[in-house]
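No hydrogens, no waters, no symmetry mates; every other heavy atom, side chains included, goes into these values. Quantities reported herein were computed from a predicted structural model and do not represent experimental measurements.
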Amino acid sequence: MNHDSTGADEVERPGVAGRVIFAGALPNAIHQLTLSCLRAIERADVLITSTLLHEALLGAAIAVRPGCRVALDAENPAELEMRYASRGRTVVRLVEGDPLFEGGIAAEAGACSRGGHAIEILPGVPALVAAADFAGVQLGNRPARLVLVDPGDEDVVLPTLGALAVRCQLRQVPVVARSALAAGKDLHEKTLLTLAGGTFHQETRAGVVGDFTGLEEPDEGGEQPVFLFIGDELADRAPGLDWFETQPLFGWRVLVPRTCQDCTELIERLASYGATAEEVPTIAVEPPRNPAQLDKALRGLVDGRYEWIIFTSRHAVNAVFEKIAQYGLDSRALSGLRIAVVGQDTAEALTRRGIVPDLHPTDVTTVAGLAAAFPAFDDVLDPINKVFIPRADIATEPLSAGLTELGWDVDDVIAYRTVRAAPPPAPVREAIKTGRFDAVAFTSSTTVRNLVGIAGKPHTLSVIGVIGPATADTCGEHGIRVDAVAAHPGQVQLADALAAFAVERAEGLRAAGKPVIRPSLRRRRRRAR
């Protein structure tokens, strides 16, 4: 399968020297890339891989480098590399694991170099070594032989001394196990088999060598890479080292309905607990229907008409700065103004533009709360009594009314409109309604209302986590049970609350003598019975 995204054009770049970068990359997630590999992707015009294992990684890579051309599962990668390099492109060839240790790209890289193209080889963590870490296997505590079995080998010869760490295909496991016996391993020596190593679908099976000599070949997936750790020295793991598969949310599929705010912190925190997050936009942001009022307010802002400007969301920050840029201005246009914000996300949107707000109560998460924390107008200390609030078309009367009571003259101006996003794809809607998501993480009341509107209520099998009491109340209004509430409003705290619930749930299942399975599997197990 070849997949090309539109991006790098076909014309040459005169005077620009192309190059080919061979970058080692584990195929699981962008957060497991080396810094050098990530920087290479950031400047790539073309991304090439010959393994489908990188398909999930490519989605994240394209987010880092939008518009780059992608060649997935390329049949002749060297030909593509040289073609694009000759046109002045930077080509990044993603290689599973370490490029020269197990990537098998020596001939490919040599061909590019002999063809007159500059090359770089960026080391990566060998997949076999990484799989051992994810399985909790100590490769360095005893002498061990690392063996890479060629996918085409039908007869495998293993070393006769030491424990063995073997990478092979799933269909080759019986051959490797029998070869281990032929190399002098005992039938009862402890052995671990790790499938999908380093992914959130990882499964490690413990046994002895004899258990794997007759492993049935699966109907499909027999060519997937697996890892065998043979010998008591390797397979007898120290207590607690099976850290990866015992994470609280390991293997969970978590739906993250979002507005247009960044949910990076939530997604990364969920990943640290072993979960895969899937974002579903529930709100789209559009310009105001009539921009004249915003234009007038921004001219007044530049002319010094206001004492304060209050940002209630990151979208308001973006809307104001987009308008300022249209006038050929930058953040200096806010010089002399006092600035207040609601929420950490809003404050961060400002600090990225080099602006530190004058008023940011960290314990305030609502506009009504900001009004309570706002200073009263003082005609001696305050030269101007006007406040500018660029906001969404959703009303913020509690803030305007509160400031008016404090003596301020408020210009409450619509800077952007929020509209309900389009429904997610049919498979996602079906997964929401049938409980195939293990959990749903709601970051606001708006995400609750809009998700129900565009996709329906989550199934009762799904665990529901919310960012705070107000969001929990909105769930209640829609008949959605809430299982976990963040201790304090925040994306990290929301992920922590879901993880804590998962731990408590697992303990309850064990105490009841029931298997600890993901929430989405409960219905399927009942049906199987």
Side-chain angles (χ1 to χ4, degrees), residues 1-127 130 198-199 262 264 267-268 279 281 318 322 325 352:
M1 177 180 70
N2 281 326
H3 168 67
D4 281 346
S5 65
T6 57
D9 53 282
E10 298 295 330
V11 299
E12 294 187 10
R13 288 180 179 170
V16 177
R19 66 178 45 236
V20 183
I21 303 172
F22 297 88
L26 295 175
N28 311 315
I30 201 161
H31 65 270
Q32 293 173 358
L33 296 179
T34 63
L35 185 57
S36 60
C37 181
L38 181 60
R39 285 177 173 167
I41 291 172
E42 288 173 345
R43 65 181 193 270
D45 298 307
V46 184
L47 285 170
I48 296 177
T49 177
S50 59
T51 171
L52 292 175
L53 293 174
H54 280 124
E55 188 168 8
L57 174 61
L58 285 175
I62 292 169
V64 171
R65 180 65 165 163
C68 66
R69 182 178 293 276
V70 172
L72 176 63
D73 195 24
E75 293 181 4
N76 192 340
E79 181 182 324
L80 283 177
E81 290 154 12
M82 289 189 280
R83 183 204 309 169
Y84 285 113
S86 67
R87 295 170 183 160
R89 302 297 185 270
T90 296
V91 182
V92 174
R93 166 75 153 93
L94 293 175
V95 182
E96 185 184 356
D98 183 82
L100 292 179
F101 177 71
E102 59 191 341
I105 54 85
E108 191 179 316
C112 289
S113 181
R114 291 191 300 274
H117 305 294
I119 68 169
E120 293 180 42
I121 299 177
L122 305 181
V125 178
T199 74
D262 187 359
T264 300
I267 292 168
E268 290 182 352
E279 292 184 90
N318 294 337
E322 285 171 8
R352 282 197 295 271

- request: Could you tell me whether a side-chain N or O of Glu108 sits under 3.5 Å from a main-chain N or O of Pro77, the two making a donor and an acceptor?
  value: no
message: I need the Arg69 CZ to Leu47 CG distance, nearest 0.5 Å.
response: 11.5 Å
field: Close side-chain approach of Leu94 to Cys37, heavy-atom, < 4.5 Å
entry: yes
message: How close do Ala23 and Pro99 get, counting heavy atoms only, and between which atoms?
response: C-CG, 4.2 Å
Shortest non-hydrogen contact from Ala85 toward Val20: CB-CG2, 3.9 Å
query: Which value, rounded to the nearest 0.5 Å, describes the distance between Glu42 atom CD and Leu35 atom CG?
result: 8.0 Å
task: Over all heavy atoms of both residues, which pair between Asp45 and Gly88 is shortest? Give the atoms and the distance, please.
output: OD2-O, 4.4 Å
- prompt: With sequence neighbours excluded, what pairs up with Arg43 under the salt bridge (charged side-chain N to carboxylate O under 4.0 Å, His left out) test?
  reply: Glu120
message: Give me the atom names and distance for the closest heavy-atom approach of Glu102 to Gly97.
response: OE2-CA, 3.3 Å
- request: List for me each residue that meets side-chain hydrogen bond (donor to acceptor under 3.5 Å, both in side chains) alongside Glu79, sequence neighbours excluded, and say none if there are none.
  value: Asn76
field: Set of residues satisfying side-chain hydrogen bond (donor to acceptor under 3.5 Å, both in side chains) with respect to Asn318, sequence neighbours excluded
entry: Arg353
message: Quick check: do Glu81 and Arg93 have side-chain heavy atoms less than 4.5 Å from each other?
response: yes
field: All side-chain hydrogen bond (donor to acceptor under 3.5 Å, both in side chains) counterparts of Ser36, not counting sequence neighbours
entry: Thr34
task: Considering non-hydrogen atoms only, spot the tightest contact between Ile119 and Ala109 and give its length.
output: CD1-O, 3.8 Å
- request: Name all residues meeting the side-chain contact (heavy atoms from CB on, under 4.5 Å) criterion together with Leu100; count only those two or more places apart in sequence or in a different chain, and write none if there are none.
  value: Asp98, Ile105, Ala106, Ile121
query: What are the two closest heavy atoms between Cys112 and Met82, and how far apart are they?
result: SG-CG, 3.9 Å
